[in-house]
Trainee: 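The structure follows.
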There are 2 protein chains.
Amino acid sequence: MNKYPHSTRILVALDCLVFGFDGEELKLLLIKRNFEPEKGKWSLMGGFLEAEEDLEVAANRILYDLTGLKDIYFEEIKTFGKVGRDPVERTISICFFALINIHDHNQDQAKAQNAYWIDLKNRPGLIFDHNEMVNMALEQLRYKAALHPIGFELLPEKFTIPQLQKLYEAIYDTPLDRRNFSRKILSTKLLIDTGEKNQNSTTKKAILYRLDKEKYQSQFNAFHNFMSDAMI
Amino acid sequence: MNKYPHSTRILVALDCLVFGFDGEELKLLLIKRNFEPEKGKWSLMGGFLEAEEDLEVAANRILYDLTGLKDIYFEEIKTFGKVGRDPVERTISICFFALINIHDHNQDQAKAQNAYWIDLKNRPGLIFDHNEMVNMALEQLRYKAALHPIGFELLPEKFTIPQLQKLYEAIYDTPLDRRNFSRKILSTKLLIDTGEKNQNSTTKKAILYRLDKEKYQSQFNAFHNFMSDAMI
DNA sequence: TCGAATTGTGTAAATATAACACAATTTATT
DNA sequence: AATAAATTGTGTTATATTTACACAATTCGA
């Protein structure tokens, strides 16, 4: 079984960040641990890679266990591998982040994991190196969202331009000019006017758009040059 | 010792790409394997993570064994973890790339590993998923080099603007306008005129510049907006 | 009916990019 | 010594993009 006899086998974990957006703030789905180690403290959702399981399959499994969702958008951040990062036993952890529509997941599943949506800005300290993971994930999210249309993963299927702007303002924690934002978003030609308007408004009702999924797949580069470089 | 009793421990490898630049083409330091498995075929340089070794330390160790260099610039690409990727035994591999000055490494050390500089464009097929690793590394190098001044890692300490242009043309496999390139590079204010000129020229001798290391550290974002977005 | 809040669209100035021309330097050649 | 060929340094101009604004339209409640 062990064909590379002189090498050490090591525990391989996966830790995932799940981002959500409530219309105002970026949120993270965090675990209030009711298990050891570090019971009672906050952490990311994690799990171990199994012997006969592809890494990608494991990521999907862990995301499913937390949210009840399949085919979620996720991407790897990096692998954390300091010797003492998990005090229980040497464990390396492959960290990744996922983006979901905050209203679109299985609440029972999250409850079963003791998971809560926490404001990214007001999050508690996390165990191990999970704080560093969050910092790197946010950096990578900002980087990626400036160049690629991944922000839509956080919104409902139909959304308004002002909603999209609020999302980008939350991601980059900065105000954006309404008029320039609108022009730039529309210039990507990735938005389709549904003909409907947002009825949940007490003032002028904004147009509801949906993403042009085909262009979104084929022109994944359409967002290049989207956010000003200073924000990346 | 095994405190997480129900989980499987897995071999953790590191595979590294070492990029070099000979003045004309991007090169990769590849291994002609004189060991099993896949003896006689070409692969990336690799090694296993040891029980009491930080991931970053392991990367530096493997790079040192190959090049004799320390403190090389490197960054992680991603972790490859398909079940059958190594037919000998389940192994996940953390893949990373390094950038070195091709004239600046220990030839004996490379020879001891049976390593050769191979034109990126004319590289042979590699074992396992190493071809995919090279593709992803090249993508990430292009991505990063457009936004950050990492290309300099591939050049000698003193270099000319035409040399730098040839490097960027090799990275993006595209011709660039000499005059616009020069203006854009100089506008970053990261280049210091050494007062010397490149004597290895049979025509007009170009000015030798060196990188302003302090700005390079503090203004790591100076390159944002450097390469046109179409190239990323 | 009016005012407050919000949304959609427009415009002009500043900046950046792209596509060019031309002069200066260096060596080999005549 | 003059000249040609190759290369380098420095413009210049037209176009495109970005920024910083103004103004009109919609919606609802006072």
Trainee: So, using salt bridge (Lys or Arg N to Asp or Glu O under 4.0 Å) as the criterion, who are the partners of A:Arg33 when residues are at least two apart?
Mentor: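 Counting only residues at least two positions away or on another chain, A:Arg33 forms no salt bridge (Lys or Arg N to Asp or Glu O under 4.0 Å).
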Trainee: Just the atom pairs and distances: protein N or O near nucleotides 28-30 of chain C's N or O, under 3.5 Å.
Mentor:
none

Trainee: Which parts of nucleotides 5-14 of chain C does protein reach within less than 4.0 Å, heavy atoms only, written one letter per nucleotide 5' to 3' as B for base, S for sugar-phosphate only and - for none?
Mentor: BBBBBBB---
Trainee: Looking at residues at least two apart in the chain, or sitting in another chain, which of them share a ring-ring contact (aromatic ring centres under 6.0 Å, His included) with A:Phe80?
Mentor: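 By the ring-ring contact (aromatic ring centres under 6.0 Å, His included) rule, A:Phe80 matches no residue at all.
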Trainee: Scan for side-chain hydrogen bond (donor to acceptor under 3.5 Å, both in side chains) pairs involving residues 191-209 of chain B, sequence neighbours excluded, and state none if there are none.
Mentor: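 Sorted result for residues 191-209 of chain B: B:Lys158-B:Glu196.
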Trainee: Among pairs that include at least one residue of residues 119-136 of chain B, which meet salt bridge (charged side-chain N to carboxylate O under 4.0 Å, His left out), considering only residues two or more places apart or in two chains?
Mentor: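 Of all non-adjacent pairs touching residues 119-136 of chain B, those that pass salt bridge (charged side-chain N to carboxylate O under 4.0 Å, His left out) are B:Lys27-B:Asp119, B:Arg85-B:Asp129, B:Lys121-B:Asp173.
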Trainee: Just to verify, what does B:Lys41 make a salt bridge (Lys or Arg N to Asp or Glu O under 4.0 Å) with, not counting sequence neighbours?
Mentor: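 B:Glu38.
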Trainee: Nearest whole angstrom, please: distance from the P of D:dT7 to the CD of B:Gln165.
Mentor: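 Distance, rounded to whole Å: 12 Å.
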Trainee: Among all residues two or more places apart in sequence or in another chain, which pass the salt bridge (Lys or Arg N to Asp or Glu O under 4.0 Å) test with B:Glu24?
Mentor: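 By the salt bridge (Lys or Arg N to Asp or Glu O under 4.0 Å) rule, B:Glu24 matches B:Lys166.
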Trainee: Whole-Å distance between C:dA18 P and B:Leu176 CG?
Mentor: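 So the CG-P distance, B:Leu176 to C:dA18, works out to 10 Å.
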Trainee: Provide, to the nearest angstrom, the distance between the NZ atom belonging to B:Lys197 and the C1' atom belonging to D:dT7.
Mentor: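 These atoms are roughly 12 Å apart.
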Trainee: My understanding is that only residues two or more places apart in sequence, or in another chain, count here; which of them pass side-chain contact (heavy atoms from CB on, under 4.5 Å) with B:Lys32?
Mentor: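 If we apply the side-chain contact (heavy atoms from CB on, under 4.5 Å) test to B:Lys32, skipping adjacent residues, the hits are B:Trp42, B:Asn114, B:Tyr116.
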Trainee: Check whether any side-chain heavy atom of B:Leu66 sits under 4.5 Å from a side-chain heavy atom of B:Ile31, and report yes or no.
Mentor: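 The answer is yes, as the side chains (C-beta and beyond) meet within the 4.5 Å cut-off.
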